[in-house]
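A quick write-up on the structure given underneath.
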Amino acid sequence: MIKRLTIGQYRERYSFIHGLDARIKIFYVVVLGFLSFRLKFGLEMLIFSLFVFGLVYSAKMRLGELSKNLRPFYSVFIFLVVMYLIFSRSQIEKGMIYLWRFLMLIIISLALTFTTTIMDLIAAVEFFSKPLKVFGVKSRNVALMVSAAVRFIPVMFINFERSREAMSSRLADFRRIRHIKVVVLLMLQKMLKSASCLSDAVYARLYDENMEINKMPKLKINDYISMVAVAAFAVIIY
Amino acid sequence: MIQAKNVYFKYEDELILKNISLEIYEGSFTAIIGANGSGKTTLAKHFNAILLPAKGDVLVDGISTRKDELNARKNIGFVFQNFEDQIVYSTIEEDVAFGLENLGLEQDKIKRRAADTLKRLSISHLAKRNVNTLSLGQKQLAALSGVLAMKPRCIVFDEPTTMLDSRNKKSIMGIIKELNKKDKITVILVTNVLDDLKYVNNVVVLKEGRTIFNDKKSKLNNKILKVAGLYD
Ligand SMILES: Nc1ncnc2c1ncn2[C@@H]1O[C@H](COP(=O)(O)OP(=O)(O)OP(=O)(O)O)[C@@H](O)[C@H]1O
Ligand SMILES: [Mg+2]
């Protein structure tokens with residue numbers, strides 16, 4: 001189960017992109033995503049693709065890793081292609097663009113998560129959620145919530161698997177709604193218990209939602225260089 | 001260092017702790033023992049203000065936990081019975097940093113202290129591993145490192161050995177003993193494993209939310225353990 005949940009995990013390597021500030025990288029993902037929506041079929045697409053593969057290359061992602069991480073999406077792609085072929089052959093060109101965009105966005109996001117630790121990502125999320133203060137959202141709570149989700153969602157799957165196995169070994173039949181209900185309730189119960197323990201533990205270690213911590217380092221020279229590069233690319237393709 | 005004075009506590013309407021008074025001395029190694037459901041965890045959670053008494057008072061260095069939670073929590077660390085749930089972050093390294101951030105330390109000091117703590121517990125090689133892939137014994141140490149790094153003067157261990165195999169049991173008890181002897185950390189060990197008592201000097205026995213014994217280990221006898229339901 002755990003093995004299947006490792007999509008887009010951080011790989012510790014040394015590359016230009018690994019060294020960039022997490023905030024900037026998130027910003028680039030947004031910019032590139034936006035750009036990809038403005039492109040037309042043909043040369044622009046080719047240039048963009050080359051740029052993205054340039055990113056993959058300089059992030060030292062191996063093609064094998066990339067294709068392994070894309071595997072969960074293959075079935076979606078194939079499904080979409082088949083749908084276009086059956087239902088709207090006339091719009092196949094448009095369809096290809098959509099698929100291509102989707103693929104590019106996934107690859108760009110993978111390049112982000114491959115080169116950025118979860119810790120840095122969360123710190124960046126905390127940074128970006130600071131303006132939400134006006135709505136009474138505390139950025140530190142946001143960061144804690146994201147961390148806890150990252151930590152405990154796999155645990156949830158493991159618990160689910162355990163309950164399911166335990167019930168199966170006593171001949172439960174998961175085609176029956178009643179049995180499905182029991183596993184789900186069991187899982188919820190465990191989650192609530194974990195959550196209450198987690199909350200105790202967090203306060204036991206002096207958690208204070210109002211504390212302001214500046215975890216983000218100052219931008220470095222490479223960050224500025226990358227900005228120039230991305231800006232130049234945006235201008236060319238726009 | 002910790003004093004409980006006529007502490008009562010109830011969940012909903014059920015009285016769980018009944019008139020508990022005890023004292024934990026600086027540098028001591030105290031066991032709190034009792035049968036399942038006797039109120040050990042509930043009592044222990046009073047020491048660092050996770051629970052506040054309904055009646056009575058818990059004092060840490062003479063200050064009531066009611067008045068100053070922070071004082072209690074800074075000085076008293078807690079390794080929970082379900083320590084797996086106590087690890088907030090996905091790697092040990094990040095999780096240790098969590099408590100240190102809350103103490104308001106600078107980033108580079110956090111890094112250094114985290115590294116020292118992991119080395120101390122010989123788990124440096126696990127620093128970056130996903131917590132979900134660790135064994136139970138390793139998770140126990142992970143939870144402990146998050147607490148130990150904050151340098152509390154006292155640590156409560158809630159049944160640290162119940163879920164471990166005998167080798168891990170021995171090794172964690174060895175570490176706890178060393179924390180008490182070498183680092184002079186006051187240790188409160190919540191347990192129902194009588195074997196663990198060989199390490200301690202004071203014992204508190206709980207039965208249905210009351211203390212039926214609270215003294216030096218040498219005065220403990222089988223009759224009391226029998227009454228507590230821990231020996232037959
Ligand atoms: N959150 C809660 N809500 C209601 N009742 C609770 C809660 N937590 C514990 N209790 C009840 O309080 C009593 C004492 O529980 P506590 O966990 O302190 O016992 P314990 O001595 O630590 O037991 P164990 O050895 O099983 O850990 C039990 O009867 C339990 O059912
Ligand atoms: Mg307990």
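Chain letters run A, B, ... following the sequence lines, proteins first and then strands; every chain starts at 1. Predicted, not measured: the structure shown is a model, and the values here were computed from it.
- Looking at B:E101, the atoms closer than 4.5 Å to chain A (heavy atoms on both sides) sit in the backbone and in the side chain alike.
- Put simply, CG on A:D120 and CD on B:E94 are 9.0 Å apart, with the number rounded to the nearest 0.5 Å.
- Only the side chain of B:N48 comes within less than 4.5 Å of a heavy atom in chain A; its backbone stays farther off.
- B:E84 contributes atom CD, which lies 9.0 Å from atom CZ of A:F152 (distance to the nearest 0.5 angstrom).
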Original post:
Yes or no on side chain to side chain contact (heavy atoms under 4.5 Å, CB included) for A:R151 and B:D95, after CA distance, side-chain angles and deciding distance?
Top reply: CA-CA 10 Å; A:R151 158 90 174 85; B:D95 191 69; over 6 Å; no
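- The choice from B:I87, B:N82, B:V131, B:V147 that makes the most heavy-atom pairs within less than 4.5 Å of chain A is B:I87.
- Counting non-hydrogen atoms of neighbouring residues, nucleotides and ligands closer than 6.0 angstrom, the NZ atom of B:K18 exceeds 12 such neighbours.
- The parts of B:Y89 that come within reach of chain A are both its backbone and its side chain, each placing non-hydrogen atoms under 4.5 angstrom from that chain.
- Heavy atoms closer than 4.5 Å to chain A are found in both the backbone and the side chain of B:L70.
- More than 12 heavy atoms of other shown residues, nucleotides or ligands fall within 6.0 angstrom of atom OH in B:Y199.
- Around NZ of B:K74, the count of heavy atoms belonging to other residues, nucleotides or ligands within 6.0 Å does not exceed 12.
- Within a 6.0 Å radius of CZ in A:R162, no more than 12 heavy atoms belonging to other residues, nucleotides or ligands are found.
- Atom CD1 of A:I118 sits in a sparse spot, with 12 or fewer heavy atoms from other residues, nucleotides or ligands closer than 6.0 Å.
- When all heavy atoms of A:V202 and B:V88 are compared, the pair lying nearest together is CG2-CG2, 3.9 Å.
- A pairwise comparison of heavy atoms in B:K45 and A:D200 identifies NZ-OD2, 3.2 Å as the closest pair.
- Within 6.0 Å of the CZ atom in A:F16, the count of heavy atoms belonging to other residues, nucleotides or ligands exceeds 12.
- Contact of B:L51 with chain A is not made at all, since no heavy-atom distance falls under 4.5 Å.
- The minimum heavy-atom distance linking A:L206 with B:N102 is given by the pair O-CB, 3.3 Å.
- Residues B:Q86 and A:R205 come closest through the heavy atom pair O-NH2, 3.6 Å.
- Closest non-hydrogen pair, A:L144 versus B:F98, comes out as CD1-CE1, 3.9 Å.
- Residue A:K130 qualifies as enclosed at atom NZ: its count of foreign heavy atoms under 6.0 Å is above 12.
- Atom NZ of B:K169 is surrounded by more than 12 heavy atoms from other residues, nucleotides or ligands within 6.0 Å.
- For B:K128, the part lying near chain A is the side chain, with the backbone staying farther off; criterion is any non-hydrogen pair under 4.5 Å.
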